[in-house]
Amino acid sequence: TMPTKKNILLFRGENREMLRSTLQKWRERFVEKHGDMNLLEVRDDTIFEGILGDCLTAGFMGSTRMIIFHGKLKKTEKEQEKIEEQKKIAEIIDMEDLLSNSNAKKTPIDDDAIWIQTLVQIPETNFILFVGNKKPVTELEKWLDKNATIHEFPNLSVREIISYIETHLR
């Protein structure tokens, strides 16, 4: 196994509010240090073909760059079920597929294997941050589960919330 990648981050957990505010702090800190032209935020509907190239390219004049994927991994329960269904169907279709070789329809952007290949190669200066599901769903997320630096945001008990507030918001 590869050592955990410090520059690939996975934020996940039930506590969306804490996740959101932590992400916001990271963004602000990054922009302070490296400027906002080196920050790229990708929402679900703005994932474009060139994004994988962006992941591999250093920031302006070789500076540090951060790319945040807000929606790449996020799936609703319904979507999960659909993925599972499709996997089952895909296994059946696979044989036909091999015979007819109709794989051309899939764009690289949808292919987890290509994402993983890209992430393996990203330069040390780039930080790639994913907001994830509560537990890994896709192949990409399973890879991140093993290789990324993970920040968990579990739901907290009242006592934990109070002690969090006391330590962080003094």
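Only heavy atoms go into these numbers, but all of them, side chains included; no hydrogens, no water, no symmetry mates.
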Anything under 3.5 Å between a donor and an acceptor, one on a side chain of residues 120-131, the other on a protein residue two or more places apart or in another chain? List them.
residue : atom : partner : partner atom : Å
Gln121  : NE2  : Gln117  : O            : 3.1
Asn126  : ND2  : Cys55   : O            : 2.8
Asn126  : ND2  : Thr57   : O            : 2.8

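- Checked for salt-bridge contact, Glu139 and Lys142 meet the test: a charged N lies under 4.0 Å from a carboxylate O.
- Remark: the backbone N or O of Leu39 is not paired with any side-chain donor or acceptor of Asp36 at under 3.5 angstrom.
- Contact annotation: the side chain of Phe30 approaches that of Asn38 to within less than 4.5 Å [non-hydrogen atoms, C-beta and beyond].
- Using a 4.5 Å heavy-atom cutoff, the side chains of His70 and Leu23 are in contact.
- Closest approach of Thr149 and Thr4 over heavy atoms only: OG1-CG2, 3.5 Å.
- Side-chain contact between Trp26 and Met66: present, with at least one pair of heavy atoms (C-beta onward) separated by less than 4.5 Å.
- Smallest separation of non-hydrogen atoms from Lys5 and Trp143: CD-CH2, 4.3 Å.
- Within the 3.5 Å criterion, the main-chain N or O of Lys135 finds no donor-acceptor partner in the side chain of Asn133.
- Taking each heavy atom of Glu141 and Val137 in turn, the nearest pair found is OE1-N, 3.4 Å.
- Looking at Asp54 and Arg65, their side chains come closer than 4.5 Å, going by heavy atoms from C-beta outward.
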Walk me through it: do Arg12 and Lys134 pass the test side-chain contact (heavy atoms from CB on, under 4.5 Å)?
-> CA-CA 6 Å; Arg12 67 175 179 201; Lys134 290 158 195 152; over 6 Å; no

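- With no hydrogens or angles considered, a side-chain donor-acceptor pair links Ser157 and Glu160 at under 3.5 Å.
- For the pair Ile8 and Leu119, the tightest heavy-atom approach, listed with the atom from each and the gap, is CD1-O, 3.6 Å.
- Ionic pairing of Arg20 and Glu17 is present here: one or more N-O contacts between side-chain nitrogen and carboxylate oxygen are shorter than 4.0 angstrom.
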Take Ile68 and Leu40, measure what side-chain contact (heavy atoms from CB on, under 4.5 Å) needs, and give me the verdict at the end.
-> CA-CA 6 Å; Ile68 301 175; Leu40 180 59; over 6 Å; no

Hey, mind stepping through Glu41 and Ile67 against side-chain contact (heavy atoms from CB on, under 4.5 Å) and telling me if it holds?
-> CA-CA 6 Å; Glu41 293 199 72; Ile67 303 179; over 6 Å; no

For Leu10 and Leu73, run side-chain contact (heavy atoms from CB on, under 4.5 Å): C-alpha distance rounded to whole Å, both residues' side-chain angles, the deciding distance at 0.1 Å, then the answer.
-> CA-CA 10 Å; Leu10 176 60; Leu73 303 173; 3.6 Å; yes

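- Checked for salt-bridge contact, Glu14 and Arg16 miss the test: no charged N lies under 4.0 Å from a carboxylate O.
- Taking CG from Asn15 and CZ from Phe153, the interatomic distance works out to 8.5 Å, rounded to the nearest 0.5 Å.
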